[in-house]
4 protein chains.
Amino acid sequence: MARGINKVILVGNLGGDPEVRYMPSGNAVTNVTLATSESWKDRQSGQQQERTEWHRVVFFNRLAEIAGEYLRKGSKVYVEGSLRTRKWQGQDGQDRYTTEIVASEMQMLDGRGGDSGGYSQPDPMGYGQPQGQPQGGQPRQQQRPAPAPQQQPQQPPAPDMDSFDDDIPF
Amino acid sequence: MARGINKVILVGNLGGDPEVRYMPSGNAVTNVTLATSESWKDRQSGQQQERTEWHRVVFFNRLAEIAGEYLRKGSKVYVEGSLRTRKWQGQDGQDRYTTEIVASEMQMLDGRGGDSGGYSQPDPMGYGQPQGQPQGGQPRQQQRPAPAPQQQPQQPPAPDMDSFDDDIPF
Amino acid sequence: MARGINKVILVGNLGGDPEVRYMPSGNAVTNVTLATSESWKDRQSGQQQERTEWHRVVFFNRLAEIAGEYLRKGSKVYVEGSLRTRKWQGQDGQDRYTTEIVASEMQMLDGRGGDSGGYSQPDPMGYGQPQGQPQGGQPRQQQRPAPAPQQQPQQPPAPDMDSFDDDIPF
Amino acid sequence: MARGINKVILVGNLGGDPEVRYMPSGNAVTNVTLATSESWKDRQSGQQQERTEWHRVVFFNRLAEIAGEYLRKGSKVYVEGSLRTRKWQGQDGQDRYTTEIVASEMQMLDGRGGDSGGYSQPDPMGYGQPQGQPQGGQPRQQQRPAPAPQQQPQQPPAPDMDSFDDDIPF
DNA sequence: TTTT
DNA sequence: TTTT
C-alpha cells in the first residue's frame with residue numbers, strides 16, 4: 001500500500017553499458033546511467049544553451065536481466081519508476097546520499113540496442129528490431145564504440161548486495 | 001489554474017500521416033492517430049494475445065506545425081497532453097462524443113524526423129521497421145507488420161475550425 | 001508486454017457514487033465519473049473561464065471493490081490507468097465508441113470523501129485524515145498518523161542564490 | 001527544446017513549512033521536503049513494513065511564492081517537475097551531490113493545509129475547500145465551489161458483463 | 001508485490 | 001558518459 005505517489009518517467013540515452021550484478025539470492029540488479037537534456041536560448045546572450053541531466057537507474061530481478069541483455073551504451077529507453085535515496089559511507093567515513101530511480105517498467109525505444117552481436121536466443125520481451133526506422137537501402141553496421149572508461153563523479157559504491165531485500169516493495 | 005490533474009502520456013506509432021488544418025486565425029491544428037499495443041498470454045488458451053489501442057491526438061499552434069512537418073505514418077513519438085471529450089453531430093442528427101488527447105508536449109523518438117526533407121523513397125511497408133523483432137546478426141525479413149493503418153471506425157468530423165478558441169488553456 | 005506507453009494520470013472529484021457490478025466470474029467492475037477542471041482568463045473578454053472535463057473511469061477486480069467501498073460522490077482521488085476505447089451499440093443500432101480510463105492504481109486524497117459527515121473537531125496533527133480509511137457516514141477515529149515530519153538527514157546547504165540563472169528553462 | 005523526458009510526479013505531505021528565499025533578481029525560490037511512503041507485508045516475517053521516502057522539492061518564481069504562501073507543514077500536495085542533481089561543497093571541501101525535484105506544477109490537495117485552524121463549519125458541498133485558496137490561520141469563505149457533480153451527457157450503457165475477459169492485461 |  |  002502506498003500513501004502518496006512517487007513516480008518518475010524518463011526517456012533518455014544510456015551513458016554506458018549496463019552493469020549487472022547478482023544478489024546472493026540469485027536475483028539480478030542492473031545499474032545504468034541515463035541522460036536527458038534540455039536546450040534553450042539564453043535570454044541575455046541569445047546563445048543556445050544546453051544542460052544534460054544524468055540519472056542513476058536501477059533495475060531488479062527480471063527487469064534487471066532484460067536491461068542487462070538488451071540495453072547498451074547509447075540505447076534510447078523509456079523508464080518508469082520511483083525515487084529512492086540511498087545512504088552509503090564515503091571513504092572518509094562520512095554519510096553520503098545518492099538518489100536513484102528504481103525502475104518498475106522499461107521499454108526500449110530503438111532497435112539497435114547498441115549491441116553489434118545481436119541475439120543468439122529468442123527475444124523474451126518481444127523487443128528487438130526497431131520500429132519507425134527507414135527500411136530502404138542497406139542495413140548498416142552496428143557502430144557501438146568501444147566501452148568508454150568512465151569516472152563517475154563521486155562514485156557511490158555499488159549497493160551492498162547482502163543488504164538487499166527481495167521484498168523491496170515495487 | 002487547474003483544479004485537478006488531467007494528464008496523458010503516450011508512446012506509440014502514427015497510424016497515418018498527420019492531417020494539418022488551419023484556423024481562420026491562421027493557427028494550425030494537426031490530427032494524428034497513435035497506436036499503442038499490449039500483448040499477453042491468455043491464461044486459458046495459452047495463446048499469445050494482442051490488443052492495439054488507437055488514440056486520437058490533436059496538436060495546436062506551434063506544436064501542430066512541428067507535428068505536421070516532422071511526423072509521418074509509422075513515426076514513433078512521445079506525446080504528453082490532456083484528455084478532452086468533444087461533442088459533435090452524427091449525420092443522423094444525434095449527438096456523438098469523441099475523446100482526444102490534446103497534446104502539450106511532443107517528442108520524436110526515431111531519428112528520421114527532425115529533417116523536413118522527409119523520405120525521398122517511399123517506405124514500402126508504409127511504416128518503417130516494426131518493433132518486437134529479434135535482432136540477430138543477419139537482417140531478416142519483416143515478420144510482424146506494425147499496427148496496420150486502418151480506417152478509424154466512426155470517423156468524427158474534423159472539429160469546426162471556427163469553434164476553436166485561441167485561448168484554449170494549454 | 002507492451003509496445004508503447006498508454007498512461008493516464010488523473011486527480012479529480014467523483015461526480016457520483018461508484019457503481020459496482022459483478023461479472024459472472026464473481027469479479028467486480030466499478031464505474032465512476034471523475035471531474036477535472038481548468039480555469040483561465042479569456043484574452044479578449046478578460047473574463048474568467050472555466051471548463052470541466054468528465055472522465056469515465058473503470059476499476060476491475062480488487063481495485064473495483066476498494067473503489068466501491070471507499071469512494072463516494074465528491075471524493076477527491078488519484079487515478080492512474082490506461083486509455084481504452086470501447087465499442088457499443090446505440091438504440092438505433094449504430095456503433096458508438098466510448099473512451100474510458102482503465103484504472104491500475106487508485107489513491108484516495110481526502111479522508112472525508114464526499115460525505116457531508118466530515119470533521120467535527122480540529123485536526124490536532126495539522127494533517128487531516130489519513131488516506132485509505134473508510135469514509136462511511138460515521139467519521140471514525142484516526143488510526144494511522146500521516147508521515148511524521150522529521151529532520152532530514154544530511155541537509156545540504158540552500159543553493160547559492162547568486163548561482164541561479166533566471167533563464168532556467170521551465 | 002528537450003531531448004529526452006525528465007518527469008517526476010509526486011503526491012505527498014510536507015515535512016515542514018516551506019522555506020522561501022529571494023534571489024538578487026527578486027525572484028523567489030522555495031524549498032520543501034515531501035514525504036511519500038509505502039507499506040507492504042514482508043514475505044518472511046509476515047510483518048507489516050513501512051518505508052518513507054523524503055523528496056527535496058524546489059519551486060521558482062511565481063510558483064515559489066504560491067508554495068510559500070499556501071503550503072504548510074503537513075500539507076498534502078501534488079507536484080510535477082523534473083529531476084536535477086546539484087553539486088555543492090561539504091564542509092570538508094569535498095564535492096557532494098543532491099538530487100532535487102524542480103517543480104513545474106503544484107496543486108494543493110487539501111483545503112485545510114497543514115494549518116490546524118482548518119474549518120470551523122462543516123463543508124456544505126461535501127467537498128472541502130477548493131484548491132488554490134489561501135489557507136492562513138484565518139479560514140475564509142469558500143468562493144469557488146468544487147466542480148459540481150452533474151449528469152453525464154450521453155450515458156453509454158454499462159459494459160456487457162459477459163463480454164469482459166478476466167485476462168484483461170493490467 | 002502489497003495495500004486501501 | 002548519452003543523444004541530436
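The sequence lines fix the lettering, A, B, ..., with proteins before strands; numbering per chain opens at 1.
Between the C1' atom of E:dT2 and the CD1 atom of C:Ile66 lies a distance of 10 Å, rounded to the nearest Å. Counting to the nearest Å, the P atom of E:dT1 and the CD atom of D:Gln48 are 17 Å from each other. One interatomic measurement links the two molecules: CZ of A:Arg56 to C1' of F:dT1, which rounds to 12 Å at whole-angstrom precision. For C:Tyr70 and E:dT3, the OH to P distance is 12 Å, given to the nearest whole Å. Between the CE atom of C:Met108 and the C1' atom of E:dT3 there is a distance of 14 Å, given to the nearest Å. In this entry the distance linking CG of C:Leu63 with P of E:dT2 reads 14 Å, nearest Å. The separation between A:Asn61 atom CG and E:dT1 atom P is 9 Å, rounded to whole Å. Rounded to whole Å, atom C1' of F:dT3 lies 15 Å from atom CG of D:Asn6.
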(request) Taking Watson-Crick and G-U wobble pairs with both distances under 3.5 Å, convert DNA chain E into its dot-bracket string, 5' to 3', dots for unpaired and | for cross-strand pairs. (result) ....
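In the set E:dT4, F:dT1, F:dT2, F:dT1 carries the atom at the smallest distance from any side-chain atom of A:Thr33. Distance from the side chain of C:Arg62 is smallest to E:dT3 among E:dT3, F:dT1, F:dT2.
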(request) Under the salt bridge (charged side-chain N to carboxylate O under 4.0 Å, His left out) rule, what do D:Glu100 and D:Arg84 come out as? Steps first, then yes or no, please. (result) CA-CA 5 Å; D:Glu100 294 166 313; D:Arg84 188 190 59 179; 3.0 Å; yes
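Residues meeting the salt bridge (charged side-chain N to carboxylate O under 4.0 Å, His left out) test with C:Arg62, sequence neighbours left out: none.
For the residue pair D:Gln49 / D:Arg43, no side-chain donor-acceptor distance below 3.5 Å is found, with atom types taken as modelled. One side chain, D:Trp88 or D:Thr98, offers a donor N or O that lies under 3.5 Å from an acceptor on the other.
Salt-bridge check for A:Arg3 with D:Glu50: passed, with a basic side-chain N closer than 4.0 Å to an acidic carboxylate O.
If you check every strand for non-hydrogen atoms under 4.0 Å, A:Leu34 touches nothing. Using a 4.0 Å heavy-atom criterion, one finds that A:Leu14 contacts the sugar-phosphate atoms exclusively. Among the heavy atoms of the strands lying under 4.0 Å from A:Thr52 is at least one base atom, whether or not backbone atoms are also near.
In this model, no side-chain donor or acceptor of D:Ser39 finds a partner on the base of E:dT3 within 3.5 Å.
Residues A:Arg51 and A:Ser37 have side chains not in contact (no heavy-atom distance under 4.5 Å, counting atoms from C-beta outward).
Per the stacking criterion (ring centres < 5.5 Å, plane angle < 30°), A:Trp54 stacks onto the base of F:dT1.
Checked against A:Leu10 for a side chain to side chain contact (heavy atoms under 4.5 Å, CB included), the options D:Ile5, D:Val8, D:Asn6 give a single hit: D:Asn6.
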